[in-house]
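What follows is a set of notes on a single structure, which appears directly below.
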Amino acid sequence: IFMDIMMPGIDGWETTRKIKTDQRTKDILISMVSAKGGVKDRKRSYEYSFADAHLTKPLDFELMLQTAENLLSK
């Protein structure tokens with residue numbers, strides 16, 4: 001899943017955390033995607049939401065493809 005952080009209602013961090021802390025869905029691979037690319041934002045993606053990757057907008061589609069390939073090869 002490529003999950004945007006800024007969404008109406010529940011944000012991507014909360015959504016990802018719910019997916020990753022549920023035993024039935026914890027192994028779903030998720031990359032955060034956002035204009036929020038600071039150190040604190042990336043830290044929250046990994047440490048709070050348990051995301052597998054974090055990409056910053058504007059997206060570099062080569063990097064997006066490479067990230068997908070890296071995650072799928074785990």
Side-chain angles (χ1 to χ4, degrees):
I1 297 172
F2 287 97
M3 178 75 69
D4 199 339
I5 291 173
M6 295 183 286
M7 301 187 303
I10 184 171
D11 67 36
W13 283 313
E14 289 297 328
T15 304
T16 298
R17 184 175 175 87
K18 286 180 182 288
I19 293 168
K20 290 296 206 171
T21 57
D22 186 316
Q23 289 300 311
R24 298 168 295 170
T25 56
K26 67 182 176 75
D27 294 325
I28 294 174
L29 301 170
I30 303 175
S31 175
M32 306 309 290
V33 178
S34 183
K36 294 177 173 266
V39 172
K40 288 181 181 180
D41 302 313
R42 289 177 174 280
K43 185 174 181 174
R44 184 164 184 188
S45 291
Y46 293 115
E47 294 179 9
Y48 176 78
S49 295
F50 311 111
D52 301 289
H54 182 111
L55 297 174
T56 304
K57 293 179 185 177
L59 284 175
D60 173 334
F61 288 102
E62 276 297 314
L63 180 57
M64 187 177 187
L65 179 61
Q66 183 180 31
T67 299
E69 289 173 348
N70 289 342
L71 291 176
L72 292 172
S73 70
K74 286 185 173 184

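Being a predicted model, the structure only gives us computed values, none of them experimental.
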- prompt: Distance-only, no hydrogens or angles: does the Asp52 side chain make a donor-acceptor pair with backbone N or O of Ile30 under 3.5 Å?
  reply: yes
- request: Could you tell me whether the side chain of Leu63 reaches within less than 4.5 Å of the side chain of Gln66, counting heavy atoms only?
  value: yes
Nearest-0.5 Å distance that lies between atom CG in Leu29 and atom CD1 in Ile19: 11.5 Å
message: I'd like to check Ile10 versus Lys18 (side-chain heavy atoms, cut-off strictly below 4.5 Å). Are they in contact?
response: yes
- prompt: Linking I/L/V/M/F/W/Y whenever any side-chain heavy atoms sit under 4.5 Å apart, do Phe61 and Val33 land together?
  reply: yes
Sequence neighbours excluded - salt bridge (charged side-chain N to carboxylate O under 4.0 Å, His left out) pairs with any residue from residues 60-73: none
statement: Here the pair of heavy atoms bringing Leu71 nearest to Ala53 is CD1-CB, 4.3 Å
Donor-acceptor contact present, side-chain Lys43 to main-chain Gly38, <3.5 Å: no
query: Measuring from Met3:CE to Thr15:OG1, what's the distance to the nearest 0.5 Å?
result: 5.0 Å
statement: Interatomic distance, CG@Asp11 vs NZ@Lys36, rounded to 0.5 Å, equals 8.5 Å
query: Looking at residues at least two apart in the chain, or sitting in another chain, which of them share a side chain to side chain contact (heavy atoms under 4.5 Å, CB included) with Asp22?
result: Arg24, Thr25
message: Quick check: do Lys20 and Ser49 have side-chain heavy atoms less than 4.5 Å from each other?
response: no
statement: When rounded to the nearest 0.5 Å, the distance separating CG of Leu55 from CG of Asp4 is 11.5 Å
task: For residues Thr56 and Asp41, determine if any side-chain heavy atom of one lies less than 4.5 Å from a side-chain heavy atom of the other.
output: no
query: Mind checking whether Ile1 and Phe50 sit in one hydrophobic cluster, side chains of I, L, V, M, F, W, Y counted as touching below 4.5 Å?
result: no
statement: Sorted by chain and number, sequence neighbours left out, side-chain hydrogen bond (donor to acceptor under 3.5 Å, both in side chains) with Ser45 holds for Trp13, His54
- request: Identify the heavy atoms of Ala51 and Met32 that sit nearest to each other, and give their distance.
  value: CB-CG, 3.6 Å
